[in-house]
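Below, chains carry the letters A, B, ... as their sequence lines are ordered, and counting in each starts from 1.
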Protein chains: 2
Amino acid sequence: MPTAEIFRALGDPIRLEMVQRLSSGSSYTLTSVSTNLGISRQGARKHLDVLQHAHIVVLKPHGRDVFVELEPATFDAAKEFILNVEKQWDRRLAKLKLFVEED
Amino acid sequence: MPTAEIFRALGDPIRLEMVQRLSSGSSYTLTSVSTNLGISRQGARKHLDVLQHAHIVVLKPHGRDVFVELEPATFDAAKEFILNVEKQWDRRLAKLKLFVEED
DNA sequence: AGTATATGCAACTAAATAGTTGCATAATAA
DNA sequence: TTATTATGCAACTATTTAGTTGCATATACT
């Protein structure tokens, strides 16, 4: 899964809200994740498609309703990217400091 | 800065590439960040606008050229979000485990 | 002074996104 | 069985995005 697609999926207030609900709440079906977001059920459903394609979420049909579950493993790629950028940036600054200090 | 906007800015392969260059490389001007991306200078410039509005990057004009610098502090919001989701998710699983085990 | 370089700004197009409404269907509840 | 609920699918619109080209301008180099 390309990192950009994960970030892209997280790059929307409604989808972030969904993720937050899923991470903290108990059990969620499609409708329960989709209510009180200020948009229609079908609108919300499209957002869930985005999260699903980015493997942030898994949909598990169960009788008449569909349960939505978070897939926390996916966050690791995003986390790694950020941590790496910060690490490399720190190294840059360290090198720069050495360069400035040498004379 | 809303978290979603930061994620959104990172949610594109070209912008991710720019960020990676900036985190590791030495000194970058607008043109040097914008070359070898497969798009035109003006196309790349628009991506830099996105990164700038999300405060991921700062532009510092200097004579005829403009230097581009990373703003690593901004990544903290994104990192916090991810860490929080993972933490809450772990708590959920722990609680669930307790619930299942109790009888 | 004249040329080359780094950048900015604007107009335009094609494609993707976010959202809607309407209708259909399968599973549950009364 | 009839009504209700959870969902799916499709068509449609408005807006945003990604990219382009063309032209203007200011700084730097020779």
Side-chain angles (χ1 to χ4, degrees), chain A residues 1-22 25-71 78, chain B residues 1-22 25-71 78:
Chain A
M1 183 59 43
T3 313
E5 194 173 343
I6 300 171
F7 281 129
R8 178 169 227 293
L10 295 175
D12 177 279
I14 290 190
R15 292 195 288 266
L16 272 192
E17 167 66 23
M18 287 175 160
V19 167
Q20 224 149 24
R21 285 185 188 183
L22 289 168
S26 40
S27 181
Y28 277 109
T29 64
L30 272 194
T31 25
S32 62
V33 191
S34 305
T35 46
N36 291 106
L37 291 169
I39 61 174
S40 67
R41 172 180 65 88
Q42 290 88 337
R45 178 58 219 244
K46 291 198 178 178
H47 284 294
L48 274 168
D49 283 342
V50 175
L51 291 174
Q52 187 189 9
H53 284 132
H55 297 276
I56 289 174
V57 127
V58 193
L59 303 188
K60 302 189 172 171
H62 201 272
R64 154 171 76 163
D65 30 35
V66 174
F67 289 101
V68 185
E69 271 187 27
L70 216 59
E71 190 113 79
Chain B
M1 182 59 44
T3 314
E5 194 172 343
I6 300 170
F7 282 130
R8 179 169 226 296
L10 295 176
D12 177 279
I14 289 189
R15 293 196 287 267
L16 273 192
E17 166 66 23
M18 287 174 160
V19 168
Q20 224 150 23
R21 286 185 188 184
L22 290 167
S26 40
S27 180
Y28 277 109
T29 64
L30 272 195
T31 25
S32 61
V33 191
S34 305
T35 45
N36 291 106
L37 291 169
I39 60 175
S40 68
R41 172 180 65 88
Q42 290 89 336
R45 179 56 219 246
K46 291 197 178 177
H47 284 293
L48 275 167
D49 283 341
V50 175
L51 291 174
Q52 187 189 9
H53 284 132
H55 296 276
I56 290 173
V57 127
V58 193
L59 302 188
K60 302 189 171 171
H62 202 271
R64 152 173 77 162
D65 30 35
V66 175
F67 289 101
V68 186
E69 271 187 28
L70 216 58
E71 190 113 78

Can you tell me how far [atom2] of [N] sits from [atom1] of [X], to the nearest Å?
X	N	atom1	atom2	result
A:L59	D:dT7	CG	P	10 Å
A:D49	D:dG8	CG	C1'	11 Å
A:L30	C:dA27	CG	P	15 Å

Any N/O pairs under 3.5 Å between the protein and nucleotides 22-24 of chain D? List them or say none.
from   : atom 1 : to    : atom 2 : distance (Å)
D:dG22 : O6     : B:Q42 : NE2    : 2.9

Tell me which donor-acceptor pairs under 3.5 Å the side chains of residues 50-67 of chain A have, and how far apart each pair is, sequence neighbours excluded?
from  : atom 1 : to    : atom 2 : distance (Å)
A:H53 : ND1    : A:D49 : O      : 3.2
A:K60 : NZ     : A:E69 : OE1    : 3.4

TODO: State the OG1-OH distance between B:T35 and B:Y28, to the nearest 0.5 angstrom.
DONE: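 The distance works out to 8.0 Å.
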Open item on the list: Would you compute the distance between atom CD1 of B:I39 and atom CZ of B:R45 and round it to the nearest 0.5 angstrom?
Closed with: 12.5 Å
TODO: Scan for salt bridge (charged side-chain N to carboxylate O under 4.0 Å, His left out) pairs involving residues 28-42 of chain B, sequence neighbours excluded, and state none if there are none.
DONE: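 Pairs touching residues 28-42 of chain B that pass the test: none.
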TODO: Could you tell me, to 10°, how much the axis swings from one end of the helix from C:dA1-D:dT30 to C:dA30-D:dT1 to the other, five pairs per end?
DONE: 30°
Those residues that, when tested against [X], pass side-chain hydrogen bond (donor to acceptor under 3.5 Å, both in side chains) (two or more places apart):
X	value
B:T29	B:T31, B:S32
A:Q42	none
B:S40	none

TODO: May I ask you to verify if any side-chain N or O of B:T31 is less than 4.0 angstrom from the OP1 or OP2 atom of C:dT7?
DONE: yes
Task: Short side-chain N/O contact from A:R45 to OP1 or OP2 of D:dG8, under 4.0 Å - done: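 Yes, A:R45 has a side-chain N/O under 4.0 Å of OP1/OP2 on D:dG8.
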Task: Closest non-hydrogen atom pair, B:L48 against B:S34 - done: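 Shortest heavy-atom contact: CD1-OG, 4.1 Å.
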For nucleotides 28-30 of chain C, tabulate all protein N/O to nucleotide N/O atom pairs closer than 3.5 Å, reporting atom names and distance.
none

Expected rows: protein N/O vs nucleotides 14-18 of chain C N/O, under 3.5 Å:
from   : atom 1 : to   : atom 2 : distance (Å)
C:dT17 : OP1    : A:R8 : NH1    : 3.3

Distance-only criterion, 3.5 Å: show the donor-acceptor pairs between side-chain atoms of residues 1-19 of chain B and protein atoms not counting sequence neighbours.
from  : atom 1 : to    : atom 2 : distance (Å)
B:D12 : OD1    : B:I14 : N      : 2.8
B:D12 : OD1    : B:R15 : N      : 3.2
B:R15 : NE     : B:A9  : O      : 2.7
B:R15 : NH1    : B:H47 : ND1    : 3.0
B:R15 : NH2    : B:R8  : O      : 3.4
B:E17 : OE2    : B:R21 : NE     : 2.9

Task: Per A:S40 side chain, nearest of listed nucleotides C:dT20, D:dG8, C:dG8 - done: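 Among the listed nucleotides, the one closest to the side chain of A:S40 is C:dT20.
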